[in-house]
Every structure is written in structure tokens, then in C-alpha cells.
Amino acid sequence: MKLLAIETATDACSCALVLGEEREQRFEVAPRRHSGLVLGMASELLDLAGVPLSALDAIAFGRGPGSFTGVRIATAVAQGLGLAADLPLVPVSSLAALALAAARRGGGGAVLAAFDARMDEVYWGAFDTRDPAAAIPDGEERVVAPACVPLPPRGGWLGAGEGWSVHGDVLLARLKGLVDAVDTKARPGAMEVAALAVGELRAGRACAPELARPVYLRDRVTRRPETKAGAAPRSEPS
Amino acid sequence: MPEIRAVRPERDGAAKRGRREARVSGALRDRELHALRVLGIETSCDETAAAVYDTDAGLLSHCLHSQAELHREYGGVVPELASRDHVAKLPLVVREALAGAGGASVDGVAYTVGPGLAGALLVGAATGRSLAFAWGVPALGVHHLEAHLLAPMLEPRPPAFPFLALLVSGGHTQLVRVGDPGEYEVLGESLDDAAGEAFDKTAALLGLPYPGGPALAALALEGDPARFRFPRPMTDRPGLDMSFSGLKTFALTTLRNEANDAPSRADVARAFEEAVVDTLLVKCRRALQQTGLSRLVVTGGVGANRRLRAAAGELGRELGVEVSYPRIELCTDNAAMVAYAGSLRLLAGESHDLDFTVRPRWPLDSLSPPAPRAAGSEQQPQAG
């Protein structure tokens with residue numbers, strides 16, 4: 001399986017190239033500099049491997065949730081590459097990639113992944129990562145107030161992601177006794193996106209570039225206009 | 001599936017003439033020119049557009065998906081919704097444009113990097129730069145207003161340089177001396193609302209759905225030109241700067257103090273449109289006299305306004321000035337003009353590296369003529 005993967009949903013920007021067992025990644029924590037870095041990373045990896053894009057099987061990308069701008073960068077880059085090289089795209093959950101990254105950092109099997117979603121909410125997902133090449137979702141991903149995250153039926157969870165740094169107190173109070181450890185430094189990387197994409201691709205879950213979409217989770221981003229004509233549109237921060 | 005408007009351009013040899021123009025223009029003089037086929041992408045506001053321009057064969061295709069419907073209930077463009085729609089629609093629009101051009105390979109990709117909405121620009125820049133990377137062809141980030149200024153070069157009889165351009169749209173109102181491609185001097189601009197913005201806001205006051213500019217113009221046709229007279233802002237003082245936000249307030253006051261029935265709304269629309277057109281023309285006349293230029297180009301979305309076109313034509317006849325406008329679909333935001341502007345710079349050897357950072361604010365007069373160097377090397381990092 002030959003894949004190029006992109007993940008830019010958080011303040012980390014990364015690209016990974018998977019050629020069978022060979023796996024290489026470029027990863028940098030670079031807030032607001034993803035647009036300057038991501039294609040350079042891809043180019044370096046392909047050059048180093050001496051592989052043209054057209055020799056790959058697919059382009060994988062972190063489809064979110066995460067920063068609106070970030071998930072659009074990953075999606076648009078993947079769309080451009082896929083369209084030009086005539087490759088299918090494999091969308092991968094950025095929360096699942098975070099869960100896998102945390103598990104690989106030595107965290108264990110059951111991960112509660114959280115990004116800060118601002119507006120006093122988190123992007124939230126529970127995953128089983130006992131298989132090192134998978135992050136099996138345990139329930140739906142959602143955007144939710146930290147005090148209202150769904151309660152898992154059992155304990156032994158690892159809390160992962162910067163959502164646990166911003167909302168740690170509230171989350172721990174809500175999940176009292178269910179969480180064994182917290183890793184606030186874990187971030188989703190393209191390597192994890194690639195690892196998850198291999199399974200997705202095998203399962204036939206690839207799509208044409210024009211059908212690839214970010215997953216924002218927060219879909220209400222506007223306030224309904226006032227009835228008064230000419231009322232200024234309001235949008236929430238991305 | 002989004003509704004995409006594909007336009008089959010006339011093959012009229014305009015491009016060849018345009019190319020001859022480019023050949024004699026300063027920056028490109030004596031440079032060996034090769035034919036280039038350029039994919040252009042435009043996503044700076046609420047139109048998702050792609051086009052293919054060939055420096056020999058001319059415009060091969062241009063496709064556009066308008067988001068107007070999406071933003072209507074908000075009475076204006078909602079940036080986050082615009083960005084979301086661009087990323088959902090652009091690949092399909094690009095595929096349409098490539099298919100419309102016969103599917104042959106392109107030699108370069110040009111995409112708008114500014115000015116405009118940061119998130120919206122980023123979608124086109126990311127997609128465009130990635131396409132170029134994957135194809136292994138040069139890429140170029142285009143200045144949206146340069147593209148508007150050069151749009152008339154896509155017409156069968158393009159104006160010769162230098163010319164005065166009145167660039168009027170929903171986001172910009174500028175009088176620009178265009179000496180050559182890349183040689184722009186902003187002589188005057190709106191200090192507050194753009195003319196198109198004033199049109200849309202006043203249309204909203206009149207109860208017309210967004211974007212109301214064209215609907216306001218239609219309503220104005222039924223209005224009595226003698227009933228109300230609106231001020232001509234900043235025409236009683238020297239200079240070429242303009243102001244349009246007061247006209248919207250004047251319309252509101254008039255509706256409140258006089259009457260707000262259907263005939264009165266038509267009369268207000270008429271008086272408003274005449275005031276905007278008159279003000280623009282006073283400034284055009286002044287700019288033509290100050291600069292001694294003998295050609296006037298009216299471009300940008302408001303350049304589609306019939307009253308403005310007629311008045312500019314009259315001014316031209318009076319002053320002996322040649323007046324031209326791009327056809328309406330090239331006045332409003334489109335990717336054909338982006339492909340064309342990009343092709344000039346790509347031909348001159350300019351290109352961008354793999355960084356697709358956008359420039360939501362990018363002053364027009366910071367541009368220089370096309371030259372073989374890294375375009376935008378002075379680029380400041382922006383949010384992205």
C-alpha cells in the first residue's frame with residue numbers, strides 16, 4: 001500500500017509517506033504556518049523516496065474535526081493532489097488520529113480524545129486503540145460542552161489532546177474515577193492518519209476528490225439574521 | 001450537485017491580439033514568448049470559479065459556481081459559509097474547466113491569493129498550488145485587482161496601455177492608472193463603502209434580496225428621476241477619493257421622511273443609482289483630465305451596471321476618450337481574468353514556491369511588472 005497523508009487540523013502540521021513497510025513523516029508544531037509548510041513536507045518526502053505522486057494508491061487526509069481553517073487546508077491540498085494525479089482520497093478522523101497518537105506514546109488501549117472547540121466546547125471522541133493500526137470508535141464524535149461529555153460505561157481511559165489541557169478540570173470532574181491518565185501533549189500526526197487510512201482503503205472507504213469533505217462537527221456557524229433588513233451577518237470564530 | 005455555469009467563449013483571435021499587446025508592453029518587450037496554457041482559480045469571495053486560458057488560442061473555458069443563494073438570508077457574505085462552500089465545490093468546478101478546455105494538460109496554475117476573505121482565498125490557493133505541484137508545473141498567486149484590471153485584455157478589441165481604469169465592485173472602488181501590466185497607480189478610492197456595497201446595502205433598505213445591486217438597478221428603471229435628488233459625495237472638493245456610505249443613510253432618511261410605498265422606493269432607487277453613477281463619472285472625468293489619458297476601462301461587478309456603462313460612453317464621446325468594458329461575465333468575479341493575469345507573469349518567468357500563504361490585504365500599488373523572479377518574495381506571513 002502506497003499513501004501520502006496530510007494532517008493539519010491542530011497547531012501541528014504534518015505529512016507522511018507510506019510505501020509498504022517503509023514509513024516516513026515530517027511533523028512540526030507551527031501555529032498558523034500550515035499553508036507555508038505542508039507542500040514542502042510532501043515534496044521532501046516524495047523526493048527522498050524517489051517516488052512520483054502518480055505511483056501512489058491514494059492520498060489520505062485528516063478530515064477533522066479541528067480548526068476550520070486547518071481541516072480545509074488538508075482537504076483542499078488532498079483534493080488538488082488527488083485531482084491532478086488521478087488518485088482517490090481517504091478521509092480519516094483527526095480525533096481517531098489523535099487517539100492513535102496517544103496510544104503510541106505509551107498510553108494504552110482506550111482513549112478519550114478531545115480538542116478544544118472554543119465557545120466552551122470540545123470536539124470529543126472515544127476510541128479503542130488496542131490494535132495498533134486501528135482506532136475503533138466507541139460512539140459518535142461530537143462537539144459538546146466539557147461538563148456534558150457522554151459517560152463511558154467502564155473505566156480505565158486515557159484522556160488525550162489539548163482539550164484536556166484547556167478543560168481538564170471540568171472533564172475530570174465529569175468523568176470521576178473513569179480516567180487513569182491524561183496526555184495533553186498528544187497531537188494527531190500524518191503518520192497516524194496514514195496508518196488508519198490503510199485500513200479504510202482496504203475496507204473500500206476511499207472517495208473521488210470532488211466528494212471529499214471536511215468534517216467540522218460544528219455545523220451551526222451563523223446566527224440567524226435579525227428580521228430587520230440589513231442586519232450585519234455574524235459568524236463565529238474559526 | 002452544484003449548479004455550474006460553463007461558458008463557451010468565442011474563438012475570435014482576441015488572445016492573439018492580447019498577446020501582441022503583451023509583446024509590445026514594457027516588461028515583456030524582447031522576451032521570447034512561448035505559448036502557455038494556464039488554469040486559473042478564483043475563490044476570494046463568494047464565487048467559486050475556474051478557467052483555462054491559452055496564450056495562443058485564448059480563453060478555452062470558464063466555469064463558475066455562485067454562492068449568492070447561500071448568503072441571501074444573511075444579507076451579505078458570511079465568510080465561514082463561503083469557505084465551506086468553496087472547499088465543497090471547487091474540485092468539480094476545476095474538473096469542468098479542464099474538460100471544457102478539451103482535457104489537454106496545462107503548463108501553469110494561477111490562483112487568487114489576495115485581497116479577499118482569508119479563509120475563502122486559502123481554499124483556492126491550497127487547491128491551485130497542490131494541482132501545480134502534482135502536475136509539476138509552475139504556480140502563481142495572483143492579485144485579484146490586477147486580474148480585474150487586465151480583464152478587458154480578454155476582449156476582441158483590448159485597450160492599449162496606458163489607460164485609466166474605474167474598478168468598481170462590491171469590495172473595491174478605485175481609479176487606477178494602468179501604465180502596463182504590473183504598473184498600477186491608485187489615483188483615488190472610496191474611503192468607506194465600495195460602490196457595490198452601497199448598492200447592496202441600499203437594496204436591502206428597499207427590501208430587495210441580497211445581492212440587491214442588480215435588482216436595485218432594475219427597480220430604478222421604474223423610478224421618477226425628478227422626484228428626489230441625492231448628494232454627490234466629495235465632488236465639491238478636489239481630489240479623486242470617494243465616499244458612498246452617506247448615500248445609504250440618505251436613502252434611509254428619504255424613505256422615512258417621505259414615503260415608503262412602492263413608487264417611492266423606485267424613485268429612491270433611481271435617485272440613488274444616479275447619484276452613484278454621477279459621482280463615479282465626476283471622478284473619472286477629473287482623473288482623465290489630470291492624467292491626460294485617452295482610454296477609460298470600466299471593470300468590476302458594478303461595471304455591469306447599464307446606467308454606468310451608458311454614462312461612461314457619453315463621457316468618452318464628450319472628451320474624445322475611448323471607453324471599454326469587459327463583457328459582463330468578465331466584469332464580475334471570474335477565473336478567466338485570473339488565468340490571464342497569471343499567464344502574463346508565468347510567461348515572464350515568475351513563479352511561486354510551495355508556500356500558498358494568502359494575502360487578505362495586499363495593496364495594488366505594491367505590485368511590479370512581470371519579471372523573471374520569485375513573485376511575492378516580499379510576502380508577509382498571514383493567517384493560514
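Within every chain, numbering begins at 1; the chains are lettered A, B, ... in the order of the sequence lines, protein sequences first and strands thereafter. Side-chain atoms are counted along with the backbone in the values below, which use heavy atoms only and exclude waters and symmetry mates.
Among residues at least two apart or in separate chains, side chain to side chain donor-acceptor pair (under 3.5 Å) pairs with a member in residues 111-138 of chain B are B:Glu42-B:Thr112.
Across A:Ser35 and B:Thr357, no two heavy atoms sit closer than the pair OG-OG1, 3.0 Å. When all heavy atoms are compared, the tightest approach of B:Ala126 to A:Val77 is CB-CG2, 4.1 Å. Between A:Leu81 and B:Ala134, the shortest heavy-atom distance links the atoms CD2-CB, 4.0 Å. When every heavy atom of B:Arg95 is checked against every heavy atom of A:Pro209, the shortest pair comes out as NH2-CD, 4.1 Å.
The distance from the CG atom of B:Leu354 to the CG atom of A:Leu37 is 11.0 Å, given to the nearest 0.5 Å. With rounding to the nearest 0.5 angstrom, the CG atom of B:Asp355 is 13.0 Å from the NE2 atom of A:His34. In this structure, CG on B:Leu122 lies 4.5 Å from CD1 on A:Ile73, to the nearest 0.5 angstrom.
Environment of CG in B:Asp192: crowded, with over 12 heavy atoms of neighbouring residues, nucleotides or ligands closer than 6.0 Å.
Contact check for A:Ser43 versus B:Phe133: side-chain heavy atoms found under the 4.5 Å cut-off. Within the 4.5 Å cutoff, no side-chain heavy atoms of A:Gln79 are placed close to those of B:Leu90.
When each of A:Leu39, A:Thr8, A:Thr75 is scored by its heavy-atom pairs under 4.5 Å with chain B, the top score falls to A:Leu39.
With salt bridges taken as basic N to acidic carboxylate O contacts below 4.0 Å, none links A:Arg218 and B:Glu80. Between B:Arg84 and A:Asp219 there is a salt bridge, since at least one side-chain N of the basic residue sits less than 4.0 Å from a carboxylate O of the acidic one.
Interface remark: A:Asp86 contributes no atoms to any contact with chain B (heavy atom separation under 4.5 Å).
Below 4.5 Å, heavy atoms of chain B meet heavy atoms from A:Leu46, A:Leu53, all part of residues 45-59 of chain A.
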